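This report refers to the structure that appears directly beneath it.
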Amino acid sequence: MSNLKILVGCKRVIDYAVKVRVNSAKSAVETANVKHSLNPFDEIAVEEALRLREKLGNNVVKEIIALTCGPPKSQEQLRTALAMGVDRAIHVEVGKNDSETTNTLQPLAVAKLFKAIIEKEQANLIILGKQAIDDDANQTGQMLAGLLNWPQATFASKMEINGDKLTVTREIDGGLETISSKLPAIVTSDLRLNEPRFVTLPNIMKAKKKPLEKFTPEQLKVDVTPRLENISVTDPPVRKGGTKVDSVDDLISKLKSAGALE
Amino acid sequence: MSLASFTRNRFSLALKQNKLSFSGRIARPKAFQQAIFSRYATSIPSLNSLTEEEESIRDLAARFTQDKVKPLVQKMDEDERLDPSIIKGLFELGFMGVETEHEYDGTGASFLSAILVIEELAKVDPSVSVACDVQNTLVNTLFRKYGNDFVKKKYLPQLVSEKVGCFCLSEAGAGSDAFALKTRAEKNGGHFIINGTKAWITNSAEAEIFLVFANLDPSKGYKGISCFVVEKGMGVEIAKKESKLGIRASSTCSLNFDNVKVPEENVLGELFKGYKYAIEILNEGRIGIAAQMIGLSQGVYDQALSYMFQRKAFNKLIGEFQGMQHQYAQVATEIEAARLLTYNAARLKEEGKDFIKEAAMAKLYSSQVAERTASKAIEWMGGVGFTREFPVEKYYRDAKIGSIYEGTSNMQLTTIAKLIARNFK
């Protein structure tokens, strides 16, 4: 029988419903005074951890920890995870505000920070969102598996634990692929893995009392200097309207005059 | 030394020290700023500041409303009935016992948390909002404030987790003149027998717990009024369900009490104090209605504004015409003012300070703002605003009740005037 200590990754991102704007310097997306929330794929990861505990019982799943690397306000997202049912939270503070963190903290550094915490906590099942909706990087889970030399099961749409064996159904371009691996392992959640629960009011109040630890990259001896530099960020080109044509001949002549056909 | 003379001195000193320049604009040198703020350095947050829990609670309410309530709004309005899944959702998320203490299975959150939930619900459906408002600010609070241990232990957990409650004061002949109520209670052995008819009772179709105001001794006039906890099973009958202009999904019924036997332990608080309880609880409930009205205003406003920045006329987005700009700026200002009145009244109540006047002002103003906003929103949306396909016409119908229930606007004005007059007599 396995003794699971699950670590779930959480990231503070701009809320999915917000209309994003590029800042005036065209160097980054505007984050000041913009609504932020927990990355949707991370919410799915938290939900999966909770469901595993509900299915396997407290004797198997010993503890669920939520981990985030981000600015001070990332604490709000940890409170959401705690309100959902996670036992405790860890916050590695990187960056003074949303703007600084978004522009400097990159997946490789995050993977290194996660590795340090995982080794400290001796967690043996790591569930991350497959990607964050702000940078769409889709790298942290994979890089973390590489650094730890652990098996990885990415784009999970279903996962099961039987003793020491992990079985994951992955969504891939050609369809679905089912793989199995031993624990410890990294899993990244895809959209159809589950539908996250609503937090309840009593749980929001209980979350206040759950433990939240803070660390800095220096304490963990991780260098988080960015290796990539954002040169510019621009809006995609405004979509130009097309024209309607009445017949196939009309279409061909228009394409010819536009130089698309010879 | 007054603040005025203090700053005048510092100002002239700064001038002499050549720290101010008059080059067409007044510079703000450090000395000037320090003059004002050092003496009155304060860190009291702005009126709409919320604690972290209150923000989480508000976000949860917003999410529930968008995901679960929004798809059912039109249907509930047409069927004139709240969908059971919505009521169940309200209970499951803890929205029906926001302030109720932990020992009764409640959340133990602040009064403003309840206000925020009511506001968020109203942004999408004022009918759902009023159901939650009555449960929290009238029913739960009456039990919590005046109930004895027996009644609290028995009913509060039920109200938090599964049973809807309602507040039965008004009658066909007793609205603003509530104390003219005719429902009678008579002591008979170990029971009270209640006879009479109540009218305009919100939540009555779904309710299982009824707080009934009946007169135990008409010779004492209104001082005979007492409050009884009546369970549906004791014989409460729904006489007539009203078909209304607005908040149609919220059930509003007449109730018949025909020799309803209520055990003597089911008195809420003390006998003959019912009139007092009713007045006091309505003072607080007012803030809840104000919250419903500001939620309604914001909800309809956001819908109209998003339309105005999509619709074009004369090759321009209609939101960009100055005529429209001036109108929507004016309305936004009024909504903000109404919201601050409401939040401040809520905070005053939390602090245990006098809040009756502010609560009356909040309800009065918010209901007026809601009516104006909904009316303008339809105009801004033009023809489509007038059709039932778009949600704005419902807000217009819903808004009207704001100036009528839980104390008509005329009653609010009278209350405010009386409180002001006290200072001058």
Side-chain angles (χ1 to χ4, degrees), chain A residues 10 12-19 21 33-40 42-44 46-47 50 66 68 70-86 89 91 98 191 194-212 214 238-239 241, chain B residues 50-70 85-86 88-118 120-121 132 135-136 140 157 160-161 302 305-306 309-310 312 315:
Chain A
C10 297
R12 176 183 170 82
V13 297
I14 295 181
D15 187 85
Y16 77 91
V18 167
K19 205 169 173 189
R21 250 171 266 279
N33 289 323
V34 170
K35 181 162 194 264
H36 284 67
S37 38
L38 179 58
N39 183 33
D42 298 347
E43 219 183 308
I44 294 174
V46 171
E47 175 67 24
L50 296 169
T68 194
K73 281 204 184 157
S74 288
Q75 196 186 254
E76 290 167 21
Q77 278 60 57
L78 288 176
R79 292 271 171 234
T80 306
L82 288 168
M84 282 175 78
V86 153
H91 181 189
D98 291 315
L191 190 63
N194 61 48
E195 207 184 306
R197 63 195 60 188
F198 277 110
V199 180
T200 66
L201 243 69
N203 286 340
I204 291 179
M205 305 302 276
K206 276 186 213 154
K208 264 196 297 190
K209 302 194 185 92
K210 292 186 181 173
L212 198 159
K214 279 201 204 232
V238 175
R239 205 184 148 163
Chain B
L50 304 173
T51 64
E52 220 181 279
E53 286 93 53
E54 286 165 348
E55 281 198 34
S56 301
I57 291 173
R58 184 189 54 189
D59 288 343
L60 173 62
R63 204 164 152 186
F64 171 74
T65 320
Q66 282 297 314
D67 288 355
K68 300 282 175 195
V69 181
K70 197 162 173 183
S85 70
I86 300 294
K88 188 155 170 271
L90 289 174
F91 278 114
E92 274 171 6
L93 293 181
F95 289 153
M96 295 299 241
V98 179
E99 286 179 273
T100 306
E101 296 82 359
H102 285 299
E103 62 187 290
Y104 305 110
D105 300 342
T107 311
S110 63
F111 179 60
L112 194 72
S113 305
I115 295 300
L116 290 170
V117 171
I118 297 167
E120 284 300 321
L121 290 170
C132 183
Q135 183 95 347
N136 278 290
N140 285 348
V160 165
S161 57
D302 290 341
L305 265 274
S306 98
F309 284 97
Q310 284 169 31
K312 279 188 172 173
N315 257 325

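Keep in mind that this is a model prediction, so the values were computed, not measured. A, B, ... follow the sequence lines: proteins, then strands. Residue 1 opens every chain.
Along residues 103-113 of chain B, the residues that come nearer than 4.5 angstrom to chain A, judged on non-hydrogen atoms, are B:Thr107, B:Gly108, B:Ala109 in order of number.
Within 6.0 Å of NZ on A:Lys214 lie more than 12 heavy atoms contributed by other residues, nucleotides or ligands. By the 6.0 Å contact criterion, CZ on A:Phe198 is enclosed, its count of non-hydrogen atoms from other residues, nucleotides or ligands being greater than 12. Other residues, nucleotides and ligands place no more than 12 heavy atoms under 6.0 Å from the CZ atom of A:Arg21.
Going from atom CD of B:Glu53 over to atom CG of A:Leu201 covers 10.5 Å, rounded to the nearest 0.5 Å.
Only the side chain of B:Glu52 comes within contact range of chain A, judged by heavy atoms closer than 4.5 Å. Contact annotation for B:Glu92: only backbone heavy atoms (N, CA, C, O) come within less than 4.5 Å of a heavy atom of chain A.
Looking at residues two or more places apart in sequence or on another chain, you find a side-chain hydrogen bond (donor to acceptor under 3.5 Å, both in side chains) between A:Asn39 and A:Asp42. Partners of A:Lys35 according to the salt bridge (charged side-chain N to carboxylate O under 4.0 Å, His left out) rule, which considers only residues two or more places apart in sequence or in another chain, are A:Asp15.
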List the atom pairs, with distances to 0.1 Å, where a side-chain N or O of residues 59-67 of chain B and a protein N or O form a donor-acceptor pair under 3.5 Å, not counting sequence neighbours.
from	atom 1	to	atom 2	distance (Å)
B:Arg63	NH1	A:Glu43	OE2	3.1
B:Arg63	NH2	A:Glu43	OE2	2.9
B:Thr65	OG1	B:Ala61	O	2.4

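Pairing each heavy atom of B:Leu93 with each of A:Pro202, the nearest pair is O-CD, 4.0 Å.
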